[in-house]
Amino acid sequence: MAKVEHIIEALCRHKDDSAVEVLSRIGTNCPIDDIREQTAKALVRRNTHDSLSVVIINKGKGINDLNPKVAMSVINEIISLKDKSEAMKILEDTINMHSDENVRETARSVKALIELS
Amino acid sequence: MSKISEISSSLSIFKRATAVKNENSASSFASNPFGISFKGKALSMDAFVSSTKEQTPSFKENIQQKGKLFASAVVTNMTNFKNSFTEKLQPVINFGKKAKENISNLWNKMNSYEIKMPSFNFGSEGKINELTKLPVSELEEQLSSHIAALS
C-alpha cells in the first residue's frame, strides 16, 4: 500500500500533465476506497483546472464519490487549499451548467462550505 | 262514742295522706313543664331530645384540624429551609459557573493553537522524488500492477 501511495504522490507532483489522466483513469476508478481517496486528494493538491475538474464535475468521483468518507476527505482537502480560486471557478461553473441535479447540489454545498471557512 | 272518735281520727289520717299525695303530684308536675302524663303517671324527667343539639367537634375532626395545622407548619418550614439553602448555595453555583467559563475559554484557546508534528518520512520523500523522475507511462504500469496485486 505504501508503494501505491508513493506512486500516486509522484504522479501528483509530476511535471507531465498526462499524469492527471492516469490518476483519473486508474486511481479514481479503483474499487478500493483508500486508493480512490488518496488519488482524489492528490488531484486536489495538484490544484490545476484539469485535476480539480476530475474531482468536482465527474459523478461518482471526488466530492461526488458514493463513499461519504472519500467525499468528505476530498472536500476537506479542497477547503485546506491555500489558493481556492480555481476550485471556486469550477464549482460555480458546475452549479450553473452541469446537467445532473445531484452534482450541482454537491457543488453548491462545497462552495458554501468554502465561503464559510 | 269511742267508735266515732276512732272513725274520725282515721278519716283525718286519710285526709292528710291524700293531701300529701296531691302535693307530691303537684311538685312532679312542676318539674315537668309540659305536664304530660303517660298511663296516668307523670314523667319525672325530660324525655325529649333537643333537635338543636350542641355540635361538639369529634375526635376525628380534631385530629384532622391538628393534622392540617401541622402540615402547614411543615410546609412553611420547608419553604424557609429551601430559601435559606438556595441563598447559601448561590455562591457555590456562581463559583461553578465561573470555573466552567474559565475551562471553556481555556479549551477554546487550546483549540486555536495548531500543533504540527514534524514529519520523519525522509525515506518516503526520497522514493517519491525518484519516482517523479520516471515517465508517466512507467508509473502507470507500476500503479496498475500494484492495484491488481491488492485487489
(message) Tell me if a side-chain donor or acceptor on B:His146 pairs with a main-chain N or O of A:Val4 at a distance below 3.5 Å.
(response) no

(message) Quick check: do B:Leu139 and A:Val22 have side-chain heavy atoms less than 4.5 Å from each other?
(response) no

(request) Tell me whether A:Val103 is reachable from A:Ile56 by hopping between hydrophobic residues (I, L, V, M, F, W, Y) whose side-chain heavy atoms are closer than 4.5 Å. (result) no

(request) Return the minimal non-hydrogen interatomic distance between B:Leu131 and A:Ile7, and the atom names on each side. (result) CD1-N, 3.9 Å

(request) State plainly whether the residues A:Arg13 and B:Glu130 are in salt-bridge range, i.e. N to O under 4.0 Å. (result) no

(message) Side-chain heavy atoms nearer than 4.5 Å, only ILVMFWY residues, links allowed to pass through others: does that put A:Leu43 and A:Ile79 together?
(response) yes

(request) Check for a donor-acceptor pair, side chain of A:His14 on one end and backbone N or O of B:Leu134 on the other, with a separation under 3.5 Å. (result) yes

(message) Give me the atom names and distance for the closest heavy-atom approach of A:Cys30 to B:Ile147.
(response) SG-CG2, 3.7 Å

(message) Is the shortest side-chain heavy-atom distance between B:Lys127 and A:Lys3 below 4.5 Å?
(response) no

(message) If I take atom CD1 from residue A:Ile26 and atom CD from residue B:Gln142, how far apart are they, to the nearest 0.5 angstrom?
(response) 11.5 Å

(message) Checking B:Leu150 against A:Ile35 for the side chain to side chain contact (heavy atoms under 4.5 Å, CB included) test, could you report, in this order, the C-alpha distance in whole Å, the side-chain angles of both residues, the deciding distance, and whether it holds?
(response) CA-CA 10 Å; B:Leu150 284 170; A:Ile35 291 172; 3.8 Å; yes

(request) Give a yes or no on whether A:Ile95 and A:Leu113 share a hydrophobic cluster (residues Ile, Leu, Val, Met, Phe, Trp, Tyr; joining criterion: side-chain heavy atoms under 4.5 Å apart). (result) no

(request) Please answer: with hydrophobic residues joined when any side-chain heavy atoms are less than 4.5 Å apart, are A:Val74 and A:Leu66 in the same cluster? (result) no

(request) Decide whether B:Phe70 and B:Met78 are clustered together by the hydrophobic rule: side chain heavy atoms of Ile, Leu, Val, Met, Phe, Trp, Tyr closer than 4.5 Å, transitively. (result) yes

(request) Return the minimal non-hydrogen interatomic distance between A:Ala10 and B:Thr132, and the atom names on each side. (result) O-CG2, 3.4 Å

